[in-house]
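Lettering follows sequence order; numbering is per chain, from 1. Everything numeric in this text was worked out from a predicted model, so none of it was measured.
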Protein chains: 2
Amino acid sequence: MQVPERSDSIDRVIVDAILAGRITAGTRLGEQSLATLFSVSRTMAREALIRLEARGIVQVSPRRGWFVIKPSFEEAQEAFQARQAIEMGILMAVQRLGPEVVDKLRAHIVRERAAIASDDLEARSFLLGDFHVCLVEAFGNRVLADILRDLTARTVLISALYQSVHDATASCDEHEAITDALASGDLKRAADLMVSHIGNVEAGLTRAKDDDPLTNLRQALKLSPRRE
Amino acid sequence: MQVPERSDSIDRVIVDAILAGRITAGTRLGEQSLATLFSVSRTMAREALIRLEARGIVQVSPRRGWFVIKPSFEEAQEAFQARQAIEMGILMAVQRLGPEVVDKLRAHIVRERAAIASDDLEARSFLLGDFHVCLVEAFGNRVLADILRDLTARTVLISALYQSVHDATASCDEHEAITDALASGDLKRAADLMVSHIGNVEAGLTRAKDDDPLTNLRQALKLSPRRE
DNA sequence: CGGATCAGACTTCCATACAAGACTGGCACG
DNA sequence: CGTGCCAGTCTTGTATGGAAGTCTGATCCG
């Protein structure tokens, strides 16, 4: 990464880091920091940030800085709703799924389980989100794949923010159930399973952190209350 | 427009122009031209173009210029597929639609018919696409609304490129049928109608223009052939 | 006449410089 | 001790200049 990179590779690296959970909601992304990190000028870093802003992944606070989005609870729900609608729509629209797709998904699930077993948190975060990207890529529609990739990034951020309690193993099991339905050609069931799967993850969110930016501090203080 | 505008209003103006069919696929959008047109520096124009590129609406040919995308026939099909999947997904996911939404859609259809009757091509192009944006906005999900707006822009470009023969009146009738289904609470039927509606528009595409950039010229020459 | 070559005009690309707002920490004052 | 002020620093915002690639059209040569 010390070698100068193409400007649009900055985007990719950042999104990958988000998908892997290495950077989370609210992280500051300074123009100068990125520029020196990628050995490019501030202009290039800024352009990458502008692109990411258009994709709804970062936002700028004027003259204060660029930050990874920190969706409100309502926005979080909208993102999950969007994924539910789109992924269900895809599964309903697809006529037939080749067996090689099922094989690919099964291979993916194997990797998920491996990551879970070995406590590789980064791979786990990445793979659990990537399952959905894989699925839509298998559908062969680049437009939808791009949309879903960004939406997945948002969802990963949200899950970290609102501490989704949906267990990784449960997610993986649900992925497997979806794959089974696809393998048996029962697309309707696959769509239903997908909706409930995403719904499950969404249901695991807790709005605790949202209402008040002091929550972290508040909880910390509650643990050792001095006075008042 | 001679007064300096905010940089992000450039995006909006361009997208609106696309939606209205005033600028079509392949149109050149020079940095300097936009800058002088909007009374801003090249930097601002360039940033707007970068955003539009991230949204899949323009693309840059290195050191040659910025152009409104000119999707291939395959990409065109993908865009329509994406809209089918997403809009169907939305209609399947929505539980209930308030009567005010139906009213709004009916009012929209009235405007569509007015534009068609008065031969206002710009309004017609805009309104026919905007129906779908309206519908998803009524769903109340900003994420989906943004996605669909950009997708609609792409679709408008495509329709102009591949000369969709789907008649405006027919589109409007189909919009009305969808609205009727929504009014009667039959969301399943609305979803089916939506899929076939978008399918109809897609089916009206002809791949003529794609294979050969000379098609325009060729047709023109065919009308008044001098020699050869 | 046909074709290669080359100058120049025009475009984006990218770095840099400076402007201007936002925050921080210290200092002075009540 | 508490509070307000203010300079210094850090951030993004915006313009501009020159580098470098691309196309066009004229010119020259065979």
Side-chain angles (χ1 to χ4, degrees), chain A residues 1-14 17-18 23-70 213-214 216-217 226-228, chain B residues 1-14 18 23-70 213-214 216-217 227-228:
Chain A
M1 207 178 303
Q2 59 265 30
V3 176
E5 306 247 6
R6 277 231 138 344
S7 117
D8 64 343
S9 83
I10 300 178
D11 310 32
R12 203 180 40 73
V13 171
I14 292 178
I18 289 174
I23 65 186
T24 58
T27 303
R28 181 201 197 91
L29 297 173
E31 293 182 2
Q32 188 61 60
S33 318
L34 289 178
T36 57
L37 225 56
F38 286 89
S39 306
V40 295
S41 78
R42 211 161 60 80
T43 305
M44 309 296 290
R46 184 176 171 82
E47 289 187 358
L49 288 168
I50 288 174
R51 274 190 296 270
L52 289 174
E53 185 183 35
R55 291 166 64 185
I57 291 176
V58 308
Q59 58 191 17
V60 61
S61 174
R63 314 231 182 228
R64 285 183 12 87
W66 294 85
F67 302 90
V68 177
I69 55 158
K70 203 164 178 175
L214 294 179
N216 280 338
L217 178 57
R226 276 278 189 100
R227 51 171 157 262
E228 203 215 70
Chain B
M1 208 179 303
Q2 60 263 34
V3 176
E5 308 247 4
R6 279 234 137 340
S7 121
D8 65 342
S9 83
I10 300 179
D11 309 33
R12 203 180 40 73
V13 172
I14 292 178
I18 289 174
I23 63 185
T24 57
T27 302
R28 182 200 197 92
L29 298 173
E31 293 181 3
Q32 187 62 62
S33 317
L34 289 179
T36 57
L37 225 56
F38 286 89
S39 307
V40 296
S41 76
R42 257 181 24 247
T43 306
M44 310 297 289
R46 183 177 171 82
E47 289 187 356
L49 287 167
I50 288 173
R51 275 190 296 270
L52 289 174
E53 185 183 34
R55 292 166 64 184
I57 291 177
V58 307
Q59 59 190 17
V60 61
S61 174
R63 313 231 183 229
R64 284 182 14 86
W66 296 85
F67 302 89
V68 177
I69 54 158
K70 201 164 179 174
L214 294 180
N216 281 337
L217 177 57
R227 51 171 158 261
E228 201 216 71

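At the phosphate of D:dT14, neither OP1 nor OP2 sits under 4.0 Å from any side-chain N or O atom of B:T43. A sub-4.0 Å separation between OP1 or OP2 of D:dG13 and a side-chain N or O of A:R46 is present.
Distances from the side chain of B:V60 to the nucleotides D:dT12, C:dC13, C:dC14 place C:dC13 closest. Side-chain proximity of B:R63 to the nucleotides D:dG21, D:dT14, C:dA15 is greatest for D:dG21. Distance from the side chain of A:R42 is smallest for D:dT12 among the nucleotides C:dC14, D:dT12, D:dT11.
Taking atom CD of B:E47 as the reference point, atom P of C:dC14 lies 15 Å away to the nearest angstrom. When the P atom of C:dA22 is taken as reference, atom CZ of A:F67 falls 13 Å away, rounded to whole Å. In this entry the distance linking CD of A:E31 with P of D:dT14 reads 11 Å, nearest Å. Distance, A:W66 CH2 to C:dA22 C1': 16 Å, rounded to whole Å. At whole-Å resolution of the value, CE in A:M44 and C1' in D:dA19 are 14 Å apart. Remark: C1' of D:dT12 and CD of A:E53 are 12 Å apart, rounded to the nearest angstrom. Atom CG in A:L34 sits about 13 Å away from atom C1' in D:dT11, given to the nearest Å. Residue A:Q59 contributes atom CD, which lies 13 Å from atom P of D:dG13 at whole-angstrom precision.
Heavy-atom distances to DNA chain C give each of A:S41 and B:Q32 a nearest nucleotide, and the one nearer the 5′ end belongs to B:Q32.
When every heavy atom of B:R28 is checked against every heavy atom of B:R64, the shortest pair comes out as NH2-O, 2.6 Å.
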- List the steps and the verdict of side-chain contact (heavy atoms from CB on, under 4.5 Å) for A:I14 and A:I23. CA-CA 8 Å; A:I14 292 178; A:I23 65 186; 4.0 Å; yes

- Could you walk me through whether B:L52 and B:W66 pass the side-chain contact (heavy atoms from CB on, under 4.5 Å) test, one step at a time? CA-CA 10 Å; B:L52 289 174; B:W66 296 85; over 6 Å; no

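With B:L49 as the fixed residue, the side-chain contact (heavy atoms from CB on, under 4.5 Å) test singles out one of B:I10, B:L34, B:D11, B:I57: B:L34.
Between A:V68 and A:L29 the shortest side-chain heavy-atom distance falls below 4.5 Å.
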